[in-house]
Every structure is written in structure tokens, then in C-alpha cells.
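As C-alpha cells, the structure follows; a few thoughts come after it.
The shown structure was predicted, so the numbers you read here are calculated from the model rather than taken from an experiment.
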Amino acid sequence: MPQWLCNQLQRAYFKRDRKQIKLLNDCWYFYRTKLEDEQQPISNPGQL
């Protein structure tokens, strides 16, 4: 997890800001999913 996101999550938990926590949590899952998609090898479309 990037440090900037970790810091913002800690701040949101400390302030008990549920809206911010949900937003940052969604951002983390979006970031992680995008990162996983980029790291997967592209299969050869000619072979099925």
C-alpha cells in the first residue's frame, strides 16, 4: 500500500470519518485491481 494512502487512512480512522474511510478503501481496491491487471501476462490471442 502506498505510504500516502496509508497516512490518509490512519487520519480518517483517527477522526472516525466513515465517508473518507469508505472512499479510501474503494481507492485501495481499485488501485490493487489495476496493478494486478497490469502485471498479468498478455496471453497470445492466436492460441485458444
Worksheet item: Do you reckon W28 sits in the same ILVMFWY cluster as F30, going by side-chain contacts under 4.5 Å, direct or chained?
Response: no
Worksheet item: Linking I/L/V/M/F/W/Y whenever any side-chain heavy atoms sit under 4.5 Å apart, do L5 and L35 land together?
Response: yes
Worksheet entry | Closest heavy-atom pair and its distance - A12, Q20 | CB-CG, 3.7 Å
Worksheet item: So, for L9 and I21, which heavy atoms are closest and what is the spacing to 0.1 Å?
Response: CD2-O, 4.3 Å
Worksheet item: Tell me the salt bridge (Lys or Arg N to Asp or Glu O under 4.0 Å) pairs involving residues 16-30, sequence neighbours left out?
Response: K22-D26
Item to complete: Name all pairs fulfilling the side-chain hydrogen bond (donor to acceptor under 3.5 Å, both in side chains) condition that reach into residues 1-13, sequence neighbours left out, sorted by first residue then second.
Response: Q3-N7
